[in-house]
Amino acid sequence: MAQGTVQVTHGGASRWRRRSGEYPTLSAALAAAGDGDVLSIAPGTYRENLVLHHAVTLRGPEGAAAGSVRIAPLDGVALTVRASAVVQDLHLEGADRAAPALLVEDGCPELSDLRVHTRSSAGIEVRGGARPLVRRCTVENPAGVGISVLDGGGGVFEECEVVAAGQAGVSVRGGHPRLERCRIHHATGAGIAVTGEGSGLEALGCEVYEIKGSGVQIAARAAARLTDCAVHRTSADGVTLDTDAVLTLAGCDIHDIPENAVDLRSRSVLTLSRSTVRRFGRNGLSVWDPGTRVDAESCEIHDSTGDYPAVWISDGATVSLDSCRVHDVPDALFVLDRGSRVDVVDSDLTQVRNTAVSVSDGAGAQLDDCRIREAGTGAWFRDHGSGGTLANCTIDDVQSGVIVTKGADPVVERCTVTSAAEAGFYVSAGGRGTFTACRVSGSSGFGFHVIDGCRTTLSRCHTERCARGGYEFAEDGPVAEGCTGDEPGPRLGARAAAGDVPAGAQPVVRAAAVPGPAGAPAAMPGQRPSDPGAPGAGDAADAGAVRGSGEVLGQLDALVGLDSVKREVRALTDMIEVGRRRQQAGLKAASVRRHLVFTGSPGTGKTTVARLYGEILASLGVLERGHLVEVSRVDLVGEHIGSTAIRTQEAFDRARGGVLFIDEAYALSPEDSGRDFGREAIDTLVKLMEDHRDAVVVIVAGYTEEMERFLTVNPGVASRFSRTITFGDYGPQELLRIVEQQAEEHEYRLGEGTGEALLAYFTELPKGPAFGNGRTARQTFESMVERHAGRVAQLAEPSTDELTLLFPADLPALSAPC
């Protein structure tokens, strides 16, 4: 595009004094222009560095196409504004990595409908005392910052858009801009970054999305306020606050975040009102360090996509929730470490897969007038020093209402637990607690279950319609005063006050655990029967009598393929059986290490074989139960020092008497581990495997190469495992056999030519990293059934053959190589 001319219309006090001139360059036109003059630029490309010293109007010609006037110098700043000028309808380009494309240094200019396309340090930079009004401007800068406000700069940005940035979309250091209805997206740094003491930002109705980093980042004593804004689709945390940062979010929506939706550290303060946090991969709110605080009112946190607590509070941080809702999450509130605290008023915690409120390591929780529904455990005070108060709360449709263990000492007042699948209130392992005017109704277990001699105090509590009894007490420990119930039972334990419970409504006095299936240990309150390791989880070893080794080995032999695996398991079984017989004969038996490493691709039957191996060991009397507890990194690794050892110990305890199966075990020692707590899990496992080698069999599984690396991370790891069993990929014939088994199980048949078509399909099927082996075969069968249904649904009166026969046409199309 050739350079055009510049027409300057000179202003004056009266109309007759106005005059015009035409100049070949912008620089010449600006030299002749003064305050109030209008510079109309003809279409063209101007390779000039422009500086506006006067309150002129600089604009493209009326009616010209967008981008017809390009200011594109070879280096330096394309346009510098040092006056209250008006700039409209220009296309600015910069190529200097050390300079911005548009620099505003002074005055209160009006900048509108500018398109800044550059590869420079910043698209638009505002500094000093400048206070521009920027409207409908677009910035694209894949090499640097989109909009930068520095050193006392400010101004208002209305309906502007940062469409790409190689660093932060909007960066504020020492400035105070206001953003209204702006969009910031496709930035490689933070979407909005406000850093440094004295820095501030206000955003209204803005959207930050598609960010390769944090959506909003406030740090180093900076402050910001976002109202009616949305932050979503980031690759890191949604919002981060660090080092005395202050942020207010009002009416905001933070969603579709793969990491923490909001993360606060180092004495930062967040105020939330009428805001929503949803679809997050780690914590909805992650709050760390003494002095760090969150105050939330009328907010909603829901729909976690990961396995982490919705609200995480640790290292002395504080969170306050008032009239909030937390739902559809793995855990709702997780408070740990001395000094950490959560205060919750008039809030709802619902549809929580595990624990609604978990308090440990000396932390505290205060809940007033709250409602907890559809949770695994309502509240769990876990260990010494942990406590707080639950007052006027209702807990409904849970496994267990309140659990107190290991020296924890909460105060529970006027709380009601209804429809618990286990105990309403459960105290064990040295837990304490004071329960006043609490009620339990409709429990499938006990109302109050206090064992292990726990020094618990109950006053004016009441139970009704509890299936196992109103009260289950140890003979020494708890004190009950003025407690009543409608369940019959013998008198209270030795320390209970005589006459406190009416005749015919006395609590039961025993020190027994909640019984599980015959011959199996008791289930912990709050543990669902379907949980790994829970009694009644469906494993054959738990369902009733232990099956004989011959029956289990027969089931192993019936599995498709896995010939080498079957030989390895039989060899181990033979050694154990012969060793047992030698001991019975008074002979020495060779020591057999039972811990195993399973390597191979997904879908090759590792979990199934591990379950059968546990049953075999139980049938031989080597293990007490032979049940399988399957865990992965997320179940073992915590987020602070010490929590990993606790999680690992708990998983090991659930597997006691059976098999602990750790899938993708190599994830416990990532190659770029840094400050990763996976090593703590490995170290804990190594010690537990040695200390309790006869109680639990550990099987670690994963890809072959990654597992070889895993075995080298700790000197004790490799020595704990007797052998490695490799699970090879299934061949086409074996995949065909799996489909045939699926068809037989679901009452389908393979029509003429279908077997041959399947064999050819599996031969041609790409075997990339995503190949699922047996899972792929099952998915293929499911796809065939769906296509068959679509075909047969069109028939008015299909015959039995038509309802059952699968043909080559029902095969799905081959996918591209993975």
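Atom set for the values below is all heavy atoms of this structure, side chains included, hydrogens, waters and symmetry mates excluded. Quick note: residue numbers are just sequence positions, from 1. Keep in mind it's a predicted model, so treat the numbers as computed, not measured.
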Minimum heavy-atom distance A55-S84, with the two atoms named: CB-O, 3.5 Å
Check: S112/R135 side-chain N/O donor and acceptor closer than 3.5 Å: no
Min side-chain heavy-atom separation F334-I313 under 4.5 Å: no
Worked check of salt bridge (charged side-chain N to carboxylate O under 4.0 Å, His left out) between D303 and R279: CA-CA 5 Å; D303 286 322; R279 295 200 297 271; 5.5 Å; no
V345 side chain near L321 side chain, heavy-atom distance below 4.5 Å: no
Over 12 non-hydrogen atoms of neighbours within 6.0 angstrom of CZ in R136: yes
L114: which of V87, D89, I71 passes side-chain contact (heavy atoms from CB on, under 4.5 Å): V87
P177 to G175 - nearest heavy-atom pair and separation: CD-C, 3.7 Å
Aromatic plane relationship, Y703 with Y666 - under 30° parallel, 30 to 60° tilted, over 60° perpendicular: tilted
Considering all heavy atoms, the nearest A99-V77 contact: CB-CG2, 3.9 Å
Atom pair CD1/CD1 of I301 and I254 - distance to nearest 0.5 Å: 9.5 Å
Distance in Å, R353 CZ paired with D328 CG, rounded so as to fall on 0.5 Å steps: 8.0 Å
Reported OG1-to-CZ distance for the pair T276 and R274, which is rounded to 0.5 angstrom: 10.0 Å
Full working for side chain to side chain contact (heavy atoms under 4.5 Å, CB included) between R127 and L103: CA-CA 8 Å; R127 59 170 58 246; L103 175 60; 4.0 Å; yes
Nearest-0.5 Å distance that lies between atom CG in L349 and atom CG in L333: 5.0 Å
Rounded distance [0.5 Å steps], CG in L92 versus SG in C137: 8.5 Å
Exercise: do H117 and E140 side chains pair donor with acceptor under 3.5 Å: yes
Side-chain heavy-atom pair V116, N141 within 4.5 angstrom cut-off: no
Residue pair A85 / H54: nearest heavy atoms and the distance that separates them: CB-O, 3.7 Å
Closest approach of F280 to E259 (non-hydrogen atoms, all atoms of both residues): CB-O, 4.0 Å
Residue pairs fulfilling ring pair (Phe, Tyr, Trp, His ring centres under 6.0 Å) with at least one residue in residues 134-188, sequence neighbours excluded: H185-Y209
Derivation and outcome, salt bridge (charged side-chain N to carboxylate O under 4.0 Å, His left out), residues R278 and D253: CA-CA 8 Å; R278 56 194 171 97; D253 188 6; 2.6 Å; yes
Candidate pair V56 and V86, rule side chain to side chain contact (heavy atoms under 4.5 Å, CB included), full reasoning: CA-CA 6 Å; V56 299; V86 176; over 6 Å; no
All salt bridge (Lys or Arg N to Asp or Glu O under 4.0 Å) counterparts of D263, not counting sequence neighbours: R265
Exercise: do T25 and S27 side chains pair donor with acceptor under 3.5 Å: no
Side chain to side chain donor-acceptor pair (under 3.5 Å) involving D228 - partner list, sequence neighbours excluded: none
Rounded distance [0.5 Å steps], CG in D346 versus CG in D322: 6.5 Å
Check ion pair R70-E93 (N to O, under 4.0 angstrom): yes
Pairwise side-chain contact, L285 with L272, heavy-atom cut-off 4.5 Å (strictly under): yes
Test log, rule side chain to side chain contact (heavy atoms under 4.5 Å, CB included), inputs D237 and T234: CA-CA 7 Å; D237 295 335; T234 64; over 6 Å; no
Test item: P142 and R119 side chains (from C-beta on) under 4.5 Å apart, heavy atoms: yes
Intermediate values then yes/no, side chain to side chain contact (heavy atoms under 4.5 Å, CB included), L26 and L58: CA-CA 10 Å; L26 276 166; L58 187 67; 4.0 Å; yes
Pairwise side-chain contact, L50 with L30, heavy-atom cut-off 4.5 Å (strictly under): yes
Close side-chain approach of V104 and P109, heavy atoms under 4.5 Å: yes
Matching residue for R267 among D315, D244, D289 - test: salt bridge (charged side-chain N to carboxylate O under 4.0 Å, His left out): D244
Closest contact, heavy atoms only, D96 versus G76: OD2-N, 3.0 Å
